[in-house]
Amino acid sequence: MSEESRASGPYEEERARAADADAWATACAEDLAAEKTRRRTEYGPPPGSAAEELKKLVDTVADKLSGLQSPLLGAIAGPAAQQAVRQVVQQAKAAVEPVVERNPEVFEHLAAAGTELLAAYRSAVQAQEHRWTTGAADLGDDRPDRGEGTGPGERIDLD
């Protein structure tokens, strides 16, 4: 019988390891679900794709523009102006929505490109601010002589 118990021993150990791995995966999945629920409660629902966000933006702007009251146009022209605004908004929505639905990946790429442009702009501004605050002499300034004196102004020849 000792041989039988030895033969089943490695198999039992493997099953125990598999059960431990399953328990670990289950615990991780439960923790992840709890964290997602906590974040959703704290921060609200996560943002959708760029196409979905653009649709929401168009809808919100359309609602705001349609609801505007124009005191400058008076009581007579006000309803006609509101109707014209509603019509323009509906035409814009009708033009934008099919494009967004046919090409959602384009808007994802545009959003990524916008993020990259913002990062490039931020980098350029930080580099320029660094040059301004540290002085151009520290960076190997090769501009011509500014003239005499120690002030920040440059000498201008008026002749």
Side-chain angles (χ1 to χ4, degrees), residues 20-159:
D20 288 344
D22 288 343
W24 179 256
T26 302
C28 287
E30 289 171 356
D31 288 347
L32 182 61
E35 180 65 16
K36 283 181 179 179
T37 302
R38 184 190 68 78
R39 285 181 182 232
R40 211 171 283 119
T41 302
E42 187 173 338
Y43 301 112
S49 68
E52 291 170 358
E53 294 299 315
L54 180 61
K55 284 182 186 178
K56 288 180 189 177
L57 176 66
V58 168
D59 288 340
T60 302
V61 169
D63 291 343
K64 293 292 182 185
L65 287 177
S66 296
L68 284 178
Q69 298 292 330
S70 179
L72 298 175
L73 297 175
I76 296 172
Q82 273 188 322
Q83 183 61 28
V85 167
R86 282 190 194 111
Q87 185 177 4
V88 169
V89 167
Q90 290 302 325
Q91 288 174 347
K93 280 176 68 174
V96 168
E97 285 180 355
V99 173
V100 171
E101 288 179 12
R102 281 192 309 257
N103 306 307
E105 66 279 350
V106 170
F107 293 97
E108 296 295 329
H109 290 297
L110 289 173
T115 302
E116 290 296 320
L117 285 172
L118 179 61
Y121 175 76
R122 185 177 295 132
S123 175
V125 168
Q126 287 174 344
Q128 184 62 39
E129 287 176 347
H130 179 71
R131 283 192 290 276
W132 287 338
T133 57
T134 60
D138 295 342
L139 299 174
D141 188 12
D142 56 350
R143 291 184 292 180
D145 184 28
R146 293 189 204 176
E148 295 144 35
T150 59
E154 292 185 28
R155 182 173 179 265
I156 301 174
D157 189 11
L158 298 176
D159 289 331

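The residues of the chain are indexed from 1 along the displayed sequence.
- The salt bridge (charged side-chain N to carboxylate O under 4.0 Å, His left out) test applied to E53 returns K56, not counting sequence neighbours.
- In this structure, the salt bridge (charged side-chain N to carboxylate O under 4.0 Å, His left out) partners of K93, at least two apart in sequence or on a different chain, are D59.
- For residues 112-129, the pairs satisfying side chain to side chain donor-acceptor pair (under 3.5 Å) are Q128-R131, with sequence neighbours left out.
- Under the side chain to side chain contact (heavy atoms under 4.5 Å, CB included) criterion, V88 pairs with no residue at all, not counting sequence neighbours.
- Partners of E35 under the salt bridge (charged side-chain N to carboxylate O under 4.0 Å, His left out) rule, at least two apart in sequence or in another chain, are R38, R39.
- Counting all heavy atoms, side chain and backbone alike, A94 lies closest to P98 at O-CD, 2.9 Å.
- Under the side-chain hydrogen bond (donor to acceptor under 3.5 Å, both in side chains) criterion, E105 pairs with no residue at all, not counting sequence neighbours.
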